[in-house]
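All chains are named by letter (A, B, ...) in the order of the sequence lines, taking the proteins before the strands, and each is independently numbered beginning at 1. All values below were derived from every heavy atom in this structure, side-chain atoms included, with hydrogens, water molecules and symmetry-related copies excluded. What you see is a predicted model, and the numbers here were worked out from it, not measured in a lab.
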Amino acid sequence: MTEEKQTERYDFRAIEKKWQRRWEEAGLFHAENKSDRPKFYGLDFFPYPSGAGISVGHCRNYVPLDVACRQKAMQGFNVLHPMGWDAFGQPAENEAIKRGRNPKEMVEEYAANYKRQLKLVGISYDWSREINSSHPDYYKWTQWFFLLLYKRGLAYRASTPINWCPSCKTGLANEEVVAGRCWRCGTPVEKRPMPQWYFKITAYADRLISGLDTIQWPEGIKLMQREWIGRSEGAEVDFPVVGHEETIRVFTTRPDTLWGATFMVLAPEHPLVDVVTTAEQRAEVEAYKLKAQRETEIERQSTERAKTGVFTGAYAVNPVNGEQIPIWIADYVLMGYGTGAIMAVPAHDQRDFEFARKYNIPIVLVYQISVDQTIEAMTEATPHTGTMVLSPFAGSPNDKTTVNKVIRWLEEKSIGQGRVNYRLRDWLISRQRYWGAPIPIIHCPKDGEVPVPEDQLPVVLPDVEKYQPTGTGESPLAGIPEFVNTICPVCGGPARRETDTMGGFACSSWYFLRFADPHNNEEAFSREAADYWLPVDLYVGGAEHAVMHLLYARFWTKVMYDAGLIAFEEPFQRLRNQGMLLAHTPGREVRKDEDVSDGEDTDSDEPIEDWKVLRPEERKTFPPDQIVWRWVKMSKSKGNVVTPDEIAEKYGADSLRVYGLFVAPFEDTVQWTDTGIEAAHRYVNRVWRLWTELRPHYRPDWRADLGAISSLEGQERNLRRKLHQTIRKVGEDIESFRFNTCIAALMELTNDLSAFRNELGNKAPTEPQAILISEVLETLTLLLSPIAPHLADEFWERLGQEGFTFRQPWPQFDPEVAAEEAITIVVQVNGKVRDRLLVPVDMPDSEIEKLALESEKVRAELDGKQVRKVIAVPGKLVNVVIG
RNA sequence: GCCGAAGUGGCGGAAUGGCAGACGCGGUGGUCUCAAAAACCAUUAGGGGCAACCCUGUGUGGGUUCGACUCCCACCUUCGGCACCA
């Protein structure tokens, strides 16, 4: 036969377009709120749709979850896999300002583009549930939740110094300040006193810690949350101030060292500073306060910084021994933690030790390491060693038990109180920006703060021409009289609306619930829908939200639980973080003193940047030999974005999917390479050719003749075993997010199938061979379905089947077929491999041991030496210990 | 500084107490072709040997074990997080 038929070309563009259209027409991914099947809710962190669209980097979290969801659907689950837009917030507003555009229109356009791209990649979203946090029918409920928190005493307005970003011109939550800088723009953050809205997240601190034990999240993320909440146990103690009514309250984790307190330190901003400072010291104290105020957070937080401080002239009384100790102010004490004041125990706290040495303040040992220990010889504080020598507890060890004993004693004597303190601060929710959900509060001159009645929600964000931040600390909304002026719901008199909007994290703290019931106009979600779908079974997104979004969403969920709205306390059962995608990017080296935007870091130990991306226009003119290539995160600002559009056009969406899954473990940071995507494409092509060549031998009724292949031998038996092993492996690997080895397993199967095809050549297959081919082709098609869904559905159709692989049951493996018949037993001598034995699976250990000892290699090693021990591990190896 | 994760061929990675390097990239040789590409086949950790084989090898140094990439201790490096938290 010379009709060596040319295999049909793999026309992925046509195939992918065709199936995407058919899926949409069939409403294939539409999830019903009721089903006899068990539910599965898979969720991606909902994105802010930026103008750059999605890059192949985004596909690294959307595709794996899509694979998991598609597999769940085939396994018989009723799957909810939704997508929506985190459209409110500063990123969108900043971009709109930059482009001189209306944020509303702009966001619609960008979201539409995202949607188009996600469809292009073949993600199985139920688009009928698409939501947009900037739509009134969504933010109505964000406002409703604000009022829920308000009514439960969890939203309050207070005027304390806030983190202010001078570039974004708005307040920032503590979580949004990274190393003293704004997390969005990197501008050093300032402190400003201003009346602001807060959510009382600190009231939930303990539950936010304990809840972590009930969920399957990466340990690193849990740890970061625990640290952020920063629980510490200790005591509060009041120190009377000599000659004043006031007392200074301190929090300490080490009340057992009270007897060694030789001075006190107040934060420069502490309200009592002005009260206690003496006339002689006032000038010096004022100067220090001013200096501390001028310093940015960055400067104040810099490590290895020498301690500085000023004496106030005042003294406090140590309540445990009546001694008078000086009161200082110093910037190493922070107003934002504890009470803003500390008792200083230089002997047992390193910071206090340094301070005492510098200002010649006495040091008193509470715990002594040895009888001849002298203060003069000390070079550092000894926080965790020694035996107590002062106090009624002399003789106690320096440990937790002693601390607890002292706390009880303090409570009995009414000197102090046991107390738990948290690093977590309340969540600053006010933003002096336009593009957010207005805070639904009315300020009435008569009735004060009045919540907007629920039937008046939403408080609609007005359409305006000018929405730029004012920079005065007032929201742009304050300049719109039609918005501001309203009527007090209580007295009917004239009143003013709150003009701050909510930060974007409010919108994202409940969106996962809205997906359960996205079109509900009566409530945020129906209890029934929430009970059915929630909690989210699998949540996938980047680790950059480890504290912010994930902490806030957990907080709101607990509030809703307490309000009886839902039956669960943790919103996300299982969480996975995908790794970053890096692109090889040309840049140039930058001298450390060049291009440093805020040229005042004279002694900063960290260079801001010693390398800069070349701008596109620079790339053409820059001397090639001076270009320094680096792997950096793919982002529009770096000019190194690869879009799914171009990859889908050149290689196809299925190839892109395979690439991202295969290139590295899901959590790992990976480097985008052209050879990588080409390899994936080559594999998909290879499957296409192999499958297409074998397709003519397919028998639709192969299941009826399974008996014909129950006793295959040789290569055919091996291929069938491989097939069933692959079913097992692919199933397990998708379940556990090990997509790279999952693809590898499919490649191995393909390789075996290829060898089989080569063996077969142009010969017509025998009856059993045809059945085997049929089983392999059909099963391979279904195994590929979650990974390369377009290709799989095309194959499915070409097998003469109806419908979609998405609706087919996931293949089951036959353990007997998958079982190995003969296994290789490794024979070791003293732990070194000397021989290998191929034995039947069911050979008894004693037999294997005997064979091993008879092995020529082993006998050669023996050479007169004694066999001391023989270790046999069933199915694995025999180790002969000689000596 | 503290906390966490990681370190394996030329490269991405596999193996989580039992055959180190699956799978893929890249390389080399071959088949096909007028030629090339594609595809297919073979080979590919390093060193030694004509060979069958032998030795070395998972960041470094110790330890536990019959046996360690895997567990324990110390150190080095890289990445991520936190950073005067009283």
[N] [atom2] sits how many Å from [X] [atom1], rounded?
{"X": "A:W228", "N": "B:C82", "atom1": "CH2", "atom2": "P", "answer": "7 Å"}
{"X": "A:F355", "N": "B:A86", "atom1": "CZ", "atom2": "P", "answer": "18 Å"}
{"X": "A:Y683", "N": "B:A38", "atom1": "OH", "atom2": "C1'", "answer": "19 Å"}
{"X": "A:L551", "N": "B:G81", "atom1": "CG", "atom2": "P", "answer": "17 Å"}
{"X": "A:D331", "N": "B:C84", "atom1": "CG", "atom2": "C1'", "answer": "9 Å"}
{"X": "A:Y10", "N": "B:A39", "atom1": "OH", "atom2": "P", "answer": "15 Å"}
{"X": "A:K832", "N": "B:U65", "atom1": "NZ", "atom2": "P", "answer": "19 Å"}
{"X": "A:Q725", "N": "B:C23", "atom1": "CD", "atom2": "C1'", "answer": "15 Å"}

If we call it a pair only when both distances are under 3.5 Å in a Watson-Crick or G-U wobble match, what pairs with [N]?
{"N": "B:G57", "result": "none"}
{"N": "B:U16", "result": "none"}
{"N": "B:C40", "result": "B:G30"}
{"N": "B:A52", "result": "none"}
{"N": "B:G80", "result": "B:C3"}
{"N": "B:G10", "result": "B:C25"}

Charged N-O contact under 4.0 Å between [X] and [Y]:
{"X": "A:E693", "Y": "A:R695", "value": "no"}
{"X": "A:K222", "Y": "A:E227", "value": "no"}
{"X": "A:R728", "Y": "A:D733", "value": "no"}
{"X": "A:R357", "Y": "A:E354", "value": "no"}
{"X": "A:E175", "Y": "A:R425", "value": "no"}

Under 4.0 Å, counting only non-hydrogen atoms across every strand here, what does [X] touch: a base, just sugar-phosphate, or nothing?
{"X": "A:I871", "result": "base"}
{"X": "A:V873", "result": "base"}
{"X": "A:S232", "result": "sugar-phosphate"}

Worksheet item: With syn defined as a glycosidic torsion within 90 degrees of 0 and anti otherwise, which applies to B:G9?
Response: syn
Discussion item. More than 12 heavy atoms of other residues, nucleotides or ligands under 6.0 Å from CD of A:Q350: yes or no?
Written reply: yes
Can you tell me, in whole Å, how much space there is between the [atom1] of [N] and that of [M]?
{"N": "B:G9", "M": "B:G47", "atom1": "P", "result": "15 Å"}
{"N": "B:C23", "M": "B:A74", "atom1": "C1'", "result": "36 Å"}
{"N": "B:C54", "M": "B:C34", "atom1": "P", "result": "47 Å"}

Can you identify which nucleotide, out of [options], has its nearest atom closest to the [X] side chain?
{"X": "A:N879", "options": "B:G4, B:G67, B:C23", "result": "B:G67"}
{"X": "A:A679", "options": "B:C84, B:A86, B:G24", "result": "B:G24"}
{"X": "A:K869", "options": "B:C55, B:C85, B:C66", "result": "B:C66"}
{"X": "A:K307", "options": "B:A86, B:C66, B:C84", "result": "B:C84"}

Pairs: protein N or O with nucleotides 41-44 of chain B N or O, under 3.5 Å:
from: B:C41; atom 1: OP1; to: A:N758; atom 2: ND2; distance (Å): 3.2

Practice prompt. Find which nucleotide of RNA chain B each of A:D349 and A:E219 is nearest to by heavy atoms, and output the residue with the more 5' nucleotide.
Written response: A:E219
Discussion item. On RNA chain B, compare the nucleotides closest to A:K857 and A:E678; which residue's is nearer the 5' end?
Written reply: A:E678
Practice prompt. Give a yes/no on whether any side-chain N or O of A:R425 is located under 4.0 angstrom from OP1 or OP2 of B:C85.
Written response: no
Worksheet item: Is any side-chain nitrogen or oxygen of A:R834 closer than 4.0 Å to OP1 or OP2 of B:C19?
Response: no
Worksheet item: With sequence neighbours left out, what residues match A:D399 under side chain to side chain contact (heavy atoms under 4.5 Å, CB included)?
Response: A:P397, A:T401, A:T402
Item to complete: Report yes if the distance between the aromatic ring centroids of A:Y332 and A:F355 is under 6.0 Å, otherwise no.
Response: yes
Worksheet item: Do A:Y659 and A:H681 make the cut of ring centroids closer than 6.0 angstrom?
Response: no
Practice prompt. Let me have a per-nucleotide readout for nucleotides 11-17 of chain B, 5' to 3', with B, S or -, counting only protein heavy atoms under 4.0 Å.
Written response: -BSS---
Discussion item. Any side-chain to backbone donor/acceptor pair from A:K358 onto A:K307? Under 3.5 Å, distance only.
Written reply: yes
Worksheet item: Checking A:Y683 side chain against A:V658 main chain: does a donor-acceptor pair fall under 3.5 Å?
Response: no
Discussion item. According to salt bridge (charged side-chain N to carboxylate O under 4.0 Å, His left out), who are the partners of A:E667, at least two apart in sequence or on a separate chain?
Written reply: A:R576
Discussion item. Using every non-hydrogen atom in the two residues, find where A:P268 and A:V273 come nearest and quote the distance to one decimal.
Written reply: O-CG2, 3.9 Å
Discussion item. With hydrogens left out and only the distance checked, is there a donor-acceptor pair under 3.5 Å joining A:K876's side chain and the base of B:C19?
Written reply: no
Side-chain donor-acceptor contacts of residues 831-838 of chain A below 3.5 Å, not counting sequence neighbours, with atom names and distances?
from: A:R834; atom 1: NE; to: A:E861; atom 2: OE2; distance (Å): 3.4
from: A:D835; atom 1: OD2; to: A:S855; atom 2: OG; distance (Å): 2.8

Item to complete: Using heavy atoms and a sub-4.0 Å distance, could you list which residues of residues 822-830 of chain A are near RNA chain B? By number, please.
Response: A:T824, A:V826, A:Q828
